[in-house]
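Everything below concerns the one structure shown next.
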Amino acid sequence: MNTVRPGVLWEVAGRWCLLSDTHIGAAQAVPRHAAQSDVDLHLDRDPRTGAPRLRATTLAGLLRHALAGRVADPGRVGELFGAAEEDGAAPRASALEVDDAFARLPEGTGVAVRTGTRVDPAAGTVRPGLLWQWEVLPAGTVFVVHLRLRVPAPADEARLLTLLALAAEGIGGAGVRPGGRTGRGHGAVRATHWAARRLDLGDEHDWFAHHGVSWRERWRAGEDALADAPADLPDALGRELRAAGRTGTAAHVAARVAAPDRRRRAELRLSLAVAEREDPLAPPPGTLRPGLLSVGDIPAGDRLGEVDRAHRERPVVEDPDKGEVHIAPVLGDTALFALVKRIAARSVRDAAQALGGSGPRLRDWFGHWWGADTPVRDAAPRPSRVRLREVPVITGGAMVTATRMTVDPLFGDSVDGRLFTDDLQCGGSAEAVFDIEDPDDAILGLCALVVRDLATVPFDTLGSGSGVGHGRVSAVRAELVSHGEGPPERVDLVAALFDPDGPDAAAVRGWVAALRPLVSGDTGSVEPEPEPRREGGRP
């Protein structure tokens with residue numbers, strides 16, 4: 001009589017550390033456990049304990065989206081996550097089981113309530129009525145995720161483990177991030193440890209090791225295994241496979257995951273100084289004159305009763321492995337994205353006016369890359385394909401306290417009761433990375449024009465106080481890194497400005513040449529042609 005072996009079960013645990021503010025929204029506006037408050041957007045919480053959580057369905061969706069972006073094959077994604085009934089084919093159950101993960105906040109901190117805004121890219125000011133309060137998990141918050149992969153037959157093990165490793169690789173960095181407003185730098189996350197255990201359910205000892213324990217004991221064992229676990233899931237899987245004598249499967253998984261990622265993407269890496277160039281036409285490094293910056297926030301700590309408004313500070317992760325954080329000033333998420341978008345829009349508008357480009361069609365093209373609240377043809381707003389990876393942290397400089405007042409324009413004296421004290425950021429620098437999904441040469445040319453403005457004369461400003469000279473930031477370094485079929489291609493955009501005969505300038509001229517037909521109206525359609533999907537690292 002033929003017998004069916006129960007198969008193999010993989011128990012996988014991962015430790016994820018948030019690197020920036022993250023909002024994982026609730027399914028309903030006000031959870032049952034929460035009291036009425038002024039908060040507009042609440043975190044998703046366990047209805048019994050009130051603990052913030054990353055719901056199992058959300059976690060599975062993140063992993064599925066990450067895998068779909070890497071393999072670009074719905075059939076292979078369905079092998080791991082299941083598939084609905086389509087074209088007469090029988091539905092397929094998911095091979096991966098996922099549990100809720102509960103947030104562990106840094107010691108001495110709690111859930112923060114932030115004020116969210118929508119900035120008008122044209123004016124650089126907050127749009128009327130588009131201001132809300134929302135709960136966020138601060139940087140340094142840790143999630144311990146628990147997964148179980150069921151392998152029905154030995155022949156399926158290498159394929160399913162490869163798919164799981166590729167899905168885990170796509171979380172964080174330029175890949176998938178949890179929560180909302182990830183295009184503005186929220187939801188940055190890093191997987192610091194992965195642990196795995198292989199159980200042969202046909203073996204009596206392994207069967208009882210899984211089925212003979214409670215859920216609490218199972219979760220505790222997975223978390224204990226993370227103490228000395230590697231940072232990469234393929235390494236954790238390889239250890240268990242080699243211990244089980246399946247060295248060939250371990251080598252197969254490692255080779256497939258290590259295959260180059262062929263997806264087209266670009267990174268715009270900027271080094272921004274809170275300063276202005278004394279001579280905008282002088283080659284770098286030149287001389288910088290420190291400036292003042294105010295991205296408004298409520299004063300914290302001992303400054304609460306001393307000043308009316310303070311420059312924004314946020315928790316910053318010092319060591320993701322330990323979750324250690326400190327408080328540091330930041331450039332601001334929405335403010336920085338709106339600044340870059342505003343410069344890009346002005347560059348396109350000025351070029352179109354000079355070259356006779358089409359307004360509606362050009363706005364449609366611009367919205368394709370930078371997002372659009374009022375789409376031309378779609379039924380819903382379009383997300384941006386240019387995304388801020390993390391909220392930039394300012395290093396160096398100093399905080400200064402300034403007093404300002406309102407002056408009566410008629411009599412020239414101060415207005416009674418209109419005296420304010422602010423904490424401002426003076427000087428300093430920050431590193432910012434913008435990820436561009438599936439770029440073409442035209443959008444790369446537009447990025448080069450944005451850097452031109454930031455590296456020479458920064459007309460546009462960041463934050464408040466622009467009328468009195470605050471908020472000017474200058475690009476002291478800028479590099480555009482393109483990823484695709486071959487090794488990464490790097491172009492120094494600042495060097496291209498001051499060395500017109502160099503190779504960097506030649507690359508930029510090619511990109512700007514691709515942008516010119518769009519802004520001059522010489523092309524029949526300004527919609528980007530879809531790039532062929534490439535299956536980088538497919539198992």
Side-chain angles (χ1 to χ4, degrees), residues 119 121-122 124 174 183-184 264-270 272 336-373 376 382-389 432-460 462 473-475 477-484 489-497 500 504-523 525-531:
V119 175
R184 306 299 188 267
R264 282 175 50 84
R265 62 184 181 88
E267 300 172 0
L268 176 60
R269 298 181 170 271
L270 300 173
L272 300 172
L336 177 60
F337 184 88
L339 171 68
V340 175
K341 183 177 181 179
R342 186 163 67 254
I343 296 174
R346 178 169 51 78
S347 300
V348 168
R349 183 180 65 250
D350 292 348
Q353 290 176 351
L355 300 175
S358 171
R361 291 186 302 160
L362 195 54
R363 282 195 295 269
D364 194 22
W365 176 85
F366 188 83
H368 171 84
W369 293 107
W370 293 92
D373 295 329
V376 177
R382 289 175 291 179
S384 173
R385 288 172 170 79
V386 181
R387 300 161 59 86
L388 178 62
R389 183 176 298 183
V433 180
F434 287 86
D435 294 301
I436 308 171
E437 175 188 341
D438 201 13
D440 59 15
D441 285 352
I443 188 62
L444 299 184
L446 183 55
C447 290
L449 296 182
V450 170
V451 171
R452 177 200 61 184
D453 281 27
L454 288 173
T456 54
V457 182
F459 287 107
D460 298 274
L462 178 72
V473 294
S474 299
R477 284 189 299 274
E479 184 181 47
L480 205 151
V481 185
S482 299
H483 301 267
E489 299 178 1
R490 303 175 182 273
V491 176
D492 189 330
L493 300 181
V494 174
L497 285 173
D504 297 302
V508 170
R509 280 195 294 269
W511 297 337
V512 175
L515 177 63
R516 183 183 177 89
L518 304 180
V519 297
S520 64
D522 294 338
T523 181
S525 173
V526 297
E527 293 183 358
E529 296 183 2
E531 293 287 339

Notebook entry, point to check: Looking only at heavy atoms, which two atoms of A266 and P439 are closest? And how far apart?
Noted result: CB-CG, 3.8 Å

Checklist line | Test side-chain contact (heavy atoms from CB on, under 4.5 Å) applied to V348 and L362, step by step | finding: CA-CA 8 Å; V348 168; L362 195 54; 3.3 Å; yes

Notebook entry, point to check: Quick one: CD1 on I343 to CG on D460, what's the gap to the nearest 0.5 Å?
Noted result: 5.0 Å

Next item on the list: Could you tell me which residues satisfy side chain to side chain donor-acceptor pair (under 3.5 Å) with D453, sequence neighbours excluded, listed by chain and number?
Entry: R346

Checklist line | L268 and V451: CA distance, side-chain angles, deciding distance, side-chain contact (heavy atoms from CB on, under 4.5 Å) verdict | finding: CA-CA 9 Å; L268 176 60; V451 171; 4.1 Å; yes

Notebook entry, point to check: Counting distance only, does the side-chain N/O of R452 pair as donor-acceptor with the main-chain N or O of L497 below 3.5 Å?
Noted result: no

Item checked: Closest heavy-atom pair and its distance - V386, F337 -> O-CE1, 3.1 Å

Next item on the list: Output all residues satisfying side chain to side chain donor-acceptor pair (under 3.5 Å) with R509, sequence neighbours left out; order by chain, then residue number.
Entry: none

Next item on the list: Report yes if some heavy atom in the side chain of L493 is under 4.5 Å from a heavy atom in the side chain of W511; otherwise report no.
Entry: yes

Next item on the list: List in chain and number order the residues that pass side chain to side chain donor-acceptor pair (under 3.5 Å) with R265, two or more places apart in sequence or in another chain; answer none if no residue qualifies.
Entry: E267

Check: Heavy atoms, side chains only, cut-off 4.5 Å: are V491 and L444 in contact?
Finding: no

Next item on the list: To the nearest 0.5 Å, tell me how far L515 CG sits from D441 CG.
Entry: 10.5 Å

Check: Side chains of C447 and I436: closer than 4.5 Å at any heavy-atom pair?
Finding: yes

Item checked: Spatial distance of atom CG (L454) from atom CG (L449) [nearest 0.5 Å] -> 11.5 Å

Next item on the list: Write down the atom of A505, the atom of P500, and the distance for their closest heavy-atom approach.
Entry: CB-O, 3.5 Å

Next item on the list: Please answer whether the main-chain N or O of I443 pairs with a side-chain N or O of D440 as donor and acceptor at a distance below 3.5 Å.
Entry: yes

Margin query: So which atom in L446 and which in A344 form the shortest heavy-atom distance, rounded to 0.1 Å?
Written below: CD1-O, 3.7 Å

Item checked: CA sep, side-chain torsions, deciding dist, call: R264, H483, side-chain contact (heavy atoms from CB on, under 4.5 Å) -> CA-CA 6 Å; R264 282 175 50 84; H483 301 267; over 6 Å; no

Notebook entry, point to check: Between atom CZ of F366 and atom CZ of R349, what is the distance when rounded to the nearest 0.5 Å?
Noted result: 9.5 Å

Next item on the list: Please report the closest heavy-atom contact between P517 and A514, naming both atoms and the distance.
Entry: CD-O, 3.4 Å

Next item on the list: Please examine the side chains of V450 and F434, heavy atoms only from C-beta on, and report whether any two atoms are closer than 4.5 Å.
Entry: no

Next item on the list: Please list, chain by chain and in numerical order, all residues satisfying side-chain contact (heavy atoms from CB on, under 4.5 Å) with D492, sequence neighbours excluded.
Entry: V494, A495, D504

Margin query: Students often mix this up, so state it plainly: with edges at 30° and 60°, are the rings of W365 and W369 parallel, tilted or perpendicular?
Written below: perpendicular

Next item on the list: I would like to know whether E479 and R269 meet salt bridge (charged side-chain N to carboxylate O under 4.0 Å, His left out); could you show each step before the answer?
Entry: CA-CA 5 Å; E479 184 181 47; R269 298 181 170 271; 5.1 Å; no

Checklist line | Pairing residues for D435 by the salt bridge (charged side-chain N to carboxylate O under 4.0 Å, His left out) criterion, not counting sequence neighbours | finding: R389

Notebook entry, point to check: Under 6.0 Å from the CD atom of E489, do we count more than 12 heavy atoms belonging to anything else shown?
Noted result: no

Notebook entry, point to check: Between CG of L355 and CZ of R516, what distance do you get to the nearest 0.5 Å?
Noted result: 5.0 Å

Margin query: Let me confirm one number: the CZ-CG distance from R342 to L462, rounded to the nearest 0.5 Å.
Written below: 8.0 Å

